[in-house]
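To keep things clear, I will list the structure first and then write my remarks on it.
Note on naming: letters A, B, ... go to the chains in the order of the sequence lines (proteins, then strands), and numbering restarts at 1 for each one. On a predicted model such as this, the values are computed, not experimentally measured, just so you know.
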Number of protein chains: 2
Amino acid sequence: MMNKQSVIDLLQEHGVQSTQQRIEIAQILFAKPQHLSADQVLAKVNHKRNIVSKATVYNSLGLFARKGMIREIIADPNRVFYDSNTSEHHHFFNVDTGELSDLPNENITVNELPGLPEGTVADSIDVIFKVRNKAEKPSVF
Amino acid sequence: MMNKQSVIDLLQEHGVQSTQQRIEIAQILFAKPQHLSADQVLAKVNHKRNIVSKATVYNSLGLFARKGMIREIIADPNRVFYDSNTSEHHHFFNVDTGELSDLPNENITVNELPGLPEGTVADSIDVIFKVRNKAEKPSVF
DNA sequence: ATTGGTGCAAAGGATTTGCAGTCTA
DNA sequence: TAGACTGCAAATCCTTTGCACCAAT
């Protein structure tokens with residue numbers, strides 16, 4: 001678990017005012033590289049006692065993502081995941097279980113891009129490699 | 001606009017029973033290669049008169065996607081897009097406007113994968129290249 | 001006739017919002 | 001103290017569901 005002072009420093013580096021709740025949330029996120037949904041963060045933060053409200057968790061995660069502290073991963077149509085690992089890498093997404101895992105970056109190459117859409121600049125690239133459980137026989141609807 | 005008989009054939013090829021509403025929806029989708037959300041499809045289908053209900057649009061889009069007629073694109077946390085172009089290709093997503101556009105496939109290479117997660121098999125790969133509007137100055141929250 | 005499809009409205013789940021109270025700088 | 005942040009509950013938005021009616025084979 002990242003210590004409190006490191007978290008405060010991290011917040012400041014990213015221009016985010018540090019508050020009790022933001023520190024709690026950041027400590028959960030940066031405990032290790034992981035993918036958590038807002039609800040999962042809420043559950044972890046409030047595991048011991050109720051320290052942070054749902055609204056604040058959502059607000060903080062959105063803020064952290066905008067500030068580049070964490071990365072938003074859109075893979076599951078039902079919820080957004082936040083990744084505390086912002087280094088270049090991509091993801092496996094298990095469509096059966098909804099689990100996300102890391103995909104080493106070396107295996108994906110994006111060549112020179114010919115033309116971005118009119119009047120736009122590159123922001124980021126998300127690669128989602130979808131996998132299914134092997135055992136499950138494909139459901140024949 | 002794809003004619004009615006072609007749509008009926010397409011449905012049959014994919015093992016989807018053809019009905020009035022599904023034909024209406026498919027005609028919208030396959031009018032041209034495009035990315036539409038459920039609500040956009042609903043609006044287009046019912047442009048003239050109310051022919052199809054919201055539930056049926058959602059059901060049909062889900063069915064078409066499962067059957068491989070169209071492709072589901074998860075890029076915008078707020079809604080799912082459906083792409084009538086199922087050939088190998090990826091997407092640009094403008095985070096400012098929420099617009100999706102095609103990214104020619106040649107520019108992305110996925111090398112051999114070392115290890116998929118335990119007990120899983122490959123399903124598909126989605127690459128979302130996020131872009132921002134050039135003019136807009138980055139908002140400094 | 002049977003089975004599957006549709007429509008409606010209500011339910012559901014994730015995320016956001018409004019506003020009063022509280023904390024940080 | 002002023003401005004920013006938080007908490008709570010209500011509000012929103014997209015999507016799914018339950019169930020009665022209708023259509024396709």
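Put simply, the side chain of B/Asn46 gets close to the backbone of B/Val52: a donor and an acceptor are under 3.5 Å apart. Without hydrogens or angle criteria, A/Thr120 side chain to A/Leu116 main chain gives no donor-acceptor distance under 3.5 Å. Between the side chain of B/Arg71 and the main chain of B/Ala65, no donor-acceptor pair closer than 3.5 Å is present.
Judged purely by distance below 3.5 Å, without hydrogens or angles, the side chains of B/Asp9 and B/Ser6 never pair a donor atom with an acceptor atom. Counting only N and O atoms by type, the side chains of A/Ser37 and A/Asp39 include no donor and acceptor under 3.5 Å apart.
Of the residues in residues 4-14 of chain A, not one comes within less than 4.0 Å of DNA chain D through any heavy atom. For the segment residues 71-81 of chain B, the set of residues with a heavy atom within less than 4.0 Å of an atom of DNA chain C is empty.
B/His91 meets the ring-ring contact (aromatic ring centres under 6.0 Å, His included) test with B/His35, B/His89; sequence neighbours excluded. For A/Ala75, the side-chain contact (heavy atoms from CB on, under 4.5 Å) partners two or more places apart in sequence, or in a different chain, are A/Ile73, A/Phe93, A/Leu100, A/Ile128.
At least one side-chain heavy atom of B/Leu29 sits less than 4.5 Å from a side-chain heavy atom of B/Phe64. The shortest side-chain heavy-atom distance between B/Arg79 and B/Gln40 does not fall under the 4.5 Å cut-off. Side-chain atoms of B/Ser18 and B/Val16, non-hydrogen and from C-beta on, never get closer than 4.5 Å to each other.
Between B/Gln20 and B/Asn59, it is B/Asn59 whose nearest contact on DNA chain D lies nearer the 5' terminus. Of the two residues near DNA chain C, B/Gln17 and B/Ala55, the one whose nearest nucleotide lies more 5' is B/Gln17. Position along DNA chain D of the nearest nucleotide to B/Asp39 versus B/Ser18 favours B/Asp39 as the more 5'-ward residue.
The nucleotide range of DNA chain C contacted by chain B, defined by atoms under 4.0 angstrom from heavy atoms of the protein and reported 5' to 3', is C/dG4 to C/dC8. A nucleotide of DNA chain D counts as in contact with chain B when one of its atoms lies under 4.0 Å from a heavy atom; the first and last such, 5' to 3', are D/dC14 to D/dA24.
Rounding to the nearest 0.5 Å gives a distance of 12.0 Å between CD of B/Gln17 and CD1 of B/Ile8. The CD atom of B/Gln34 lies 13.5 Å from the OG atom of B/Ser101; values are rounded to the nearest 0.5 Å. The CZ atom of A/Phe30 lies 9.5 Å from the CG atom of A/Asn85; values are rounded to the nearest 0.5 Å.
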